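All values below were derived from every heavy atom in this structure, side-chain atoms included, with hydrogens, water molecules and symmetry-related copies excluded. Keep in mind the model is a prediction, meaning the values are calculated, not measured.
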Amino acid sequence: MAAVSLGLHRNEAREAPRCQEQTWLPSHRPCCPHSRWRRPRPQARFRQQPTWRAEGACGGAKMAAVTMRLPAARAPLDSSAPRGGEKHLVAPGDTITTDTGYMRGHGTYVEDEKLIASVAGVVERVNKLVCVRALKARYNGEIGDIVVGRITEVQQKRWKVETNSRLDSVLLLSSINLPGGELRRKSAEDELAMRDYLQEGDLISAEVQSIFSDGAVSLHTRSLKYGKLGQGVLVQVSPSLVKRQKTHFHDLPCGASVILGNNGFIWIYPTPEQKDDKAGGYTANLEPVPLSDREVISRLRNCIMALVTHKIMLFDTSILYCYEASLPHKIKDILKPEVTEEIVLEARQRLLDSEG
């Protein structure tokens, strides 16, 4: 590193002895006894970015300011607070309960007659069954879940689908509806025409039909609301942030629709004016999307990312409240930290008011 000359205040320069220039690293203090190392006091909430400044008696030049980022203050937990004195959030190795009357579920193990968490997550109790739902984990399929996936491979009488799980999901040829909703036994001609229905790279919406012994998920698209997805935006989030509801297909009043997949894949697309019930889920609309619809989709996407940043559960109401709170701001400004915090706080307050 090149030598850096330092300077003192006027009052100290008269009494300070002259010394030769020395080479030193910013992480060490200057060797001159009359030099000072000053650090400005950080501002509230760490909004400002303080700079380090060194002054010494070894010259008249000053060292250039170095910008350093301080850790952001962590917001207090409110929605995850324990109820009734019971522990709600646990880390690996924490004791959940010492009562021997509880049954051990996923994410737990027993040691010395204590039920201990093996993963970091939220404790869930169903009667006597206790399990820990991990905060960050791959998707574990359950029968009846709505998922959004991408076709990765076409095999004999089946498609391989990427659904954010440990293993690729399987969509059998016998588990789909033929174009037009025709119900009949699949023949050899249908097997040869599998790529006409779905091919590599296509996005689909489906429902979990069953789970194999190795944990792989079997899908089906036997309803006309499932099938191939056309034009839209795919957003990938953690599966634990998607709230389980009776329906995961939502037509929002802002002019766009969302499919909240339980596997963490969210599909945002313009709401069709007329739904074609005879399409069978294998025809994609490839017409140009108007600019107004693209702006709505982009705003919804940024709102979802803002909610994910603050660990807010994703469902139709929370997304709509966040969308309405973001209207005074530009689409590109939604992801700025200060704007994101303002929008999420307003949406969270509206959710609390509606629940209370």
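Of the candidates T152, T163, N263, T163 is the only one forming a side chain to side chain donor-acceptor pair (under 3.5 Å) with S169. None of T100, T98, I96 except one satisfies the side chain to side chain contact (heavy atoms under 4.5 Å, CB included) rule with K114; the exception is T98. Checking each of I312, L307, I343 against R348 for a side chain to side chain contact (heavy atoms under 4.5 Å, CB included) leaves exactly one that passes, namely I312.
Under the 3.5 Å distance criterion, the side-chain polar atoms of R299 are matched with a main-chain donor or acceptor of S326. Using modelled atom types, no side-chain atom of T108 and backbone atom of C131 make a donor-acceptor pair closer than 3.5 Å. The main-chain N or O of I331 is found under 3.5 Å from a side-chain atom of N302 such that the two form a donor-acceptor pair.
Both L327 and L335 belong to a common hydrophobic cluster when Ile, Leu, Val, Met, Phe, Trp and Tyr are linked at side-chain heavy-atom distances under 4.5 angstrom.
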Carefully, step by step, assess K157 and L172 under the rule side-chain contact (heavy atoms from CB on, under 4.5 Å). CA-CA 6 Å; K157 297 184 179 180; L172 299 176; over 6 Å; no
Begin from the C-alpha positions of I146 and L260 and carry the test side-chain contact (heavy atoms from CB on, under 4.5 Å) through to its verdict. CA-CA 8 Å; I146 305 299; L260 301 176; over 6 Å; no
Residues I204, L198; criterion side-chain contact (heavy atoms from CB on, under 4.5 Å); working and verdict: CA-CA 9 Å; I204 63 169; L198 297 171; 3.6 Å; yes
Is there a side-chain contact (heavy atoms from CB on, under 4.5 Å) between S223 and N177 once you walk through the steps? CA-CA 7 Å; S223 175; N177 265 348; 5.7 Å; no
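Here the closest non-hydrogen pair linking G230 and W267 is O-CZ2, 3.5 Å. Closest of all the heavy-atom pairs between A134 and S240 is O-CB, 3.9 Å. Residues A256 and T271 come closest through the heavy atom pair C-OG1, 3.1 Å. Across all non-hydrogen atoms, the minimal contact from A137 to P239 is O-CD, 3.8 Å.
Side-chain contact between Q209 and S218 is present, with heavy atoms from C-beta onward closer than 4.5 Å. Counting heavy atoms from C-beta on, the side chains of E207 and D145 never come closer than 4.5 Å. The shortest distance between side-chain heavy atoms of W159 and E153 does not fall below 4.5 Å. No side-chain heavy atom of F265 sits less than 4.5 Å from a side-chain heavy atom of V147. Inter-residue side-chain proximity for L219 and V170 is flagged as unmet; no heavy-atom pair is nearer than 4.5 Å. Side-chain contact between V110 and I116 is absent, with no heavy atoms from C-beta onward closer than 4.5 Å. A heavy-atom distance below 4.5 Å is not found between the side chains of L300 and V233. Taking 4.5 Å as the limit, every side-chain heavy atom of L234 sits out of range of all side-chain heavy atoms of I266.
Every residue two or more places apart in sequence or in another chain that forms a side chain to side chain donor-acceptor pair (under 3.5 Å) with Q349 is listed here: D353. Qualifying side-chain contact (heavy atoms from CB on, under 4.5 Å) partners for P290, counting only residues two or more places apart in sequence or in other chains: S292, D293. For E124, the side chain to side chain donor-acceptor pair (under 3.5 Å) partners at least two apart in sequence or on another chain are R133. Remark: T317 engages no residue in a side chain to side chain donor-acceptor pair (under 3.5 Å) (not counting sequence neighbours). For K336, the side chain to side chain donor-acceptor pair (under 3.5 Å) test picks out D333, with sequence neighbours left out. Judged as a salt bridge (Lys or Arg N to Asp or Glu O under 4.0 Å), and not counting sequence neighbours, D316 has no contacts.
Taking a cutoff of 4.0 Å between a charged side-chain nitrogen and a carboxylate oxygen, R244 and E142 qualify as a salt bridge.
Side-chain atoms of Y269 and Q231 include no donor-acceptor pair closer than 3.5 Å. Checking Y197 against D202 by side-chain atom types alone, no donor-acceptor pair falls below 3.5 Å. A side-chain donor-acceptor contact under 3.5 Å links D251 and S257.
The aromatic rings of H220 and Y226 sit perpendicular to each other, their planes meeting at more than 60°, with 30° as the lower class boundary.
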